[in-house]
Amino acid sequence: MQTIEERYLAAKRALFDKVYGTLNERQREAVFTVNNPLLVLAGAGSGKTTVLVRRIAFIIRYGNAYFSEYVPYGVDESRVRELERALDLPVREIESGILPEFANQACQPYRILAITFTNKAANEIKERLAKMFPEDGATASEIWTGTFHSVCVRILRLHCEKVGYRPGFTIYDTDDSKKTVAAAMKRCNIDEKLLPVKGVMSAISRAKDRLLTPDDFAMEAGSDFRQKQIARVYEAYQQLLRESNALDFDDIIMQTVLLLKNHPAVREAYQSRFKYVCVDEFQDTNVAQMQLTVLLSGLHQNLMVVGDDDQSIYKFRGATIENILTFDKTFPSATVIKLEQNYRSTQTILDAANAVIAHNAGRKGKTLWTAAGEGEKIHLRLCDDQNTEARFVVDTVNRAVARGEATYRDFAVLYRTNAQAQSIEKAFARSAVPYRVLGGTRFTDRKEIRDAVAYLQLVNNHDDNVRLERIINEPRRKIGAKTLDAIAQIAEEQGCSRFSVIERCASFGALERSRATLEGFASLINSLSELAQKVTLDVLFDAVLDRSGYRQMLIDAGEEEKDRLDNLEEFKSGILEYMKENDEPTLTGFLEETALVADVDRYDESADAVVMMTIHSAKGLEFPIVFLPGMEDGLFPGMQTITAGESEMEEERRLAYVAITRAKKALYMIHTRTRLLYGQTAYNPVSRFVSEIPASLVENPDEDGHGGFGSRVGSGFGGGFGRQTSVWGARGAESSVTQKKTYYSEPRPRTPIRQTAPPSGERITVGKNLSTPKATPKEIFAPGDRVRHLTFGEGEIISVKPMGADTLYEIVFDRVGTKKLMATYARLKKL
DNA sequence: CACGCTCTGCCTGCG
DNA sequence: GCAGAGCGTG
């Protein structure tokens, strides 16, 4: 017999469960678990952002209401009955009328910190939080949401002097850093040919990711000559950055960590402020970012991290998958919740993804499943070369659009390397298919934009030597390398900035010849600095372009540089936008935003065009129909991965997993017999990742519909390729027939794939070319039964759960571990 | 100092 | 195969 208290708590939880009934059980658990460390292992498409956003809203409204054991004084039989009866009320009424009284230590919004990696993700969270509190805009805006970098810059702006930077510091991007590293190497008398700048730069970056100071780095280098050299450059590089009052992207994180570590008062202030800390995409964090989160959440320990170890694809950028793999060891009190139900893709796509990723050893182990149904098979396609491949993509798109089965925006082409974009882009352009290419040169990487920004940067921070050098002779002012060397030398001797040397050039004999131009330049910058105090940003921007002569230079160049002028105008509209969005627009603020905003944010999902991007940049996105060109060993996985170790191959495999799970309803994997790569013709075998997908999931015209390509298909020396460069379709009769089978397929009913299984256990077939086996007899298994699955082999049922009209089995397979499968689709045979 | 030629190296890339 | 960097010449 339950006590009154037990019944009260049960009724309370039942009411919360009902109001949050649109979430699945696991999602609800994640939302309600607010205190103590929490690791949410969120598979692709499992609704992790929903969980993140709803959990934050829950914390603000109800605090620890769900799991709290608190029972108010005076709760009696009649009250409990009332609550139990309330379960029949509509959700809205429960939510507004009853739930608020359960609130337990509800948290003020400004005490919650949510950290993401990209501005895009941060904005999405902000927008969705705003929707959670439609009644007042203030609540959502008080929640501290931002990228690692924006959060750290915000902290550093207030405390930078404690770590040795002056207020108004500048942020150097990769290009500025590279120049500074080159300068540092020059100072150390190290030849760039013996030690490439690129390598040094990345070594320094990796060191900062791991919080290693130049001294630490030197210690670790030991007697290794190369490493010792890099240590010297690292030291000099930091020196140069400090002289310019500049931080690079890695410093932003590392210096914040050092600030919090070494200044207890600052640390304690933030620790007591942040009662709840949430981190998104936790699998992408590096040592420094991990340390930062641990420090910020150190007092209250309410740290929630969301991530997917299977989507960790940024090791090369310093991410340590160990952060997520060992989170529960680092925090023994942590709750771990796996989100495995997928709301994005068909079961076929998920089965393929699951099968591929199952080949990795170092993982937490998740198996995605969906209630959506099987969907169409995965299309595998062999083409002659990259041009045929491109034509195949374009024609498939055109056909589907012509039939009214899809619009351009439904398609995405995802590739391993940016170089692959070229041939496909050409084909789209030729056939007048609207398309967009993401990545490559960013808007803000264009020369004219960088120059204009450099002017603004120098106006904002006169010590910024890199930007000074960038624009002092742009437009031409006859200030060449000679003069600059002299200035740098004097600056070094005097221990002052180069700009102050230029200002006082009259005092230095060595600068006599350029005195007039230098003074002119100094007064240009100084007058712009004065102007910056008086006028709005857009006016300042025009003044920079006019007074510097930069605009005139482009106008004089005529038609050739027209684009650059247009780009500058576009950039100006960005300035106006910034001014509209910020109550107190400042030059520093704008420059900061420019430095911290990437190009991905420019991806406009509403435009009706096929989108092309690398698999890396597609992480987090989804598309109805996905093309994966270049599924070849040597390209994906790349040659350097094949010759490297197993852990590199696992990362590459995770990338394949990310690629596959982007697709909602259809996935086309393409490989070619020959491919022009780095000016050479390569004959690549089909990607091993393709071979890791069970043949039963794949429709493979090249095998004449028999499936079963356990061995490699298209190792590719079969038919007369090479001489026949004609596009497909104009080739021999036999192959056109094959092609007809694949993408000249019969019109497919536009059956929505996301529909639940019919209660009868009937299979949903999307397209009649799907040769699905006869419907499985609805045999009911019990825990302990031995069964056989087509792809997973033999296993034992460990749990049986009715799910609507279907049944969810949890099965431990002998070969592949535990999987959750829906009875309708699992095609289980009793042994 | 600017232009043009040759040479090199080349995966992915947030902020 | 191509872009960007570096070098040499007018």
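Naming: A, B, ... by sequence-line order, numbering from 1 per chain. Fair warning: this is a prediction, and the values are worked out from it, not measured in the lab.
Looking at the side chain of A:R317, the nearest of the listed nucleotides B:dC11, C:dC2, B:dC14 is B:dC14. Side-chain atoms of A:N418 lie closest to B:dT12 of the nucleotides C:dC2, C:dG6, B:dT12. Taking the side chain of A:T417 as heavy atoms from C-beta on, and the options B:dG13, B:dC11, B:dC14, the nearest nucleotide is B:dC11. Proximity note for A:Y678 (side chain, C-beta onward) versus B:dC11, B:dG13, B:dC14: the nearest is B:dC11.
In this pair, A:H149 and A:F249 present their aromatic rings perpendicular. The plane angle is above 60°, beyond the 30 to 60° band. Between A:F590 and A:F571, the angle of the ring planes goes over 60°, which puts this pair in the perpendicular group of the 30/60° scheme.
Across all strands, A:E592 comes closer than 4.0 Å to no nucleic acid atom at all (heavy-atom distances). Across all strands, A:Q640 comes closer than 4.0 Å to base atoms (heavy-atom distances). Residue A:I252 is classed as having no contact, given no heavy-atom separation below 4.0 Å to the nucleic acid.
Rounded to whole Å, atom C1' of B:dC14 lies 9 Å from atom CZ of A:F316. Counting to the nearest Å, the P atom of B:dT12 and the NZ atom of A:K198 are 9 Å from each other. We find that CZ of A:R675 is positioned 14 Å from C1' of C:dG1, with the value rounded to whole Å. B:dC7 atom C1' lies 15 Å from atom CD of A:E192, rounded to whole Å. Residue A:F636 contributes atom CZ, which lies 11 Å from atom C1' of B:dC11 at whole-angstrom precision. In this structure, A:D284 atom CG and B:dT12 atom P are separated by 17 Å, rounded to whole Å. A:L438 has its CG atom 15 Å from the C1' atom of B:dT12, to the nearest Å.
Where stacking is scored as ring centres under 5.5 Å apart with planes under 30°, A:Y314 does not register as stacked on the base of B:dT12.
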- request: Evaluate side chain to side chain donor-acceptor pair (under 3.5 Å) for A:E425 paired with A:Y435, printing each intermediate quantity in order.
  value: CA-CA 8 Å; A:E425 191 180 351; A:Y435 70 96; 3.1 Å; yes

- request: List the steps and the verdict of side chain to side chain contact (heavy atoms under 4.5 Å, CB included) for A:I313 and A:I615.
  value: CA-CA 10 Å; A:I313 53 173; A:I615 301 167; 5.8 Å; no

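Ring centroids of A:H616 and A:Y314 are separated by less than 6.0 Å, placing the two rings close together.
Note on A:S617: every side-chain N or O is 4.0 Å or more away from OP1 and OP2 of B:dT12. Taking side-chain N and O atoms only, A:K193 has a distance below 4.0 Å to OP1 or OP2 of C:dC7.
DNA chain B is contacted by both A:R477 and A:H616; A:R477 maps to the nucleotide lying nearer its 5′ end (nearest heavy atom per residue). Comparing A:N473 and A:L655 by the nucleotide of DNA chain B that holds the closest heavy atom to each, the one mapping nearer the 5' end is A:N473.
If you check B:dC1 for Watson-Crick or wobble pairing at under 3.5 angstrom, you find it paired to C:dG10. Here B:dC10 sits opposite C:dG1 as a Watson-Crick or G-U wobble pair (both hydrogen-bonding atom distances under 3.5 Å).
Dense packing is recorded around NZ of A:K179, with more than 12 heavy atoms of other residues, nucleotides or ligands lying under 6.0 Å away.
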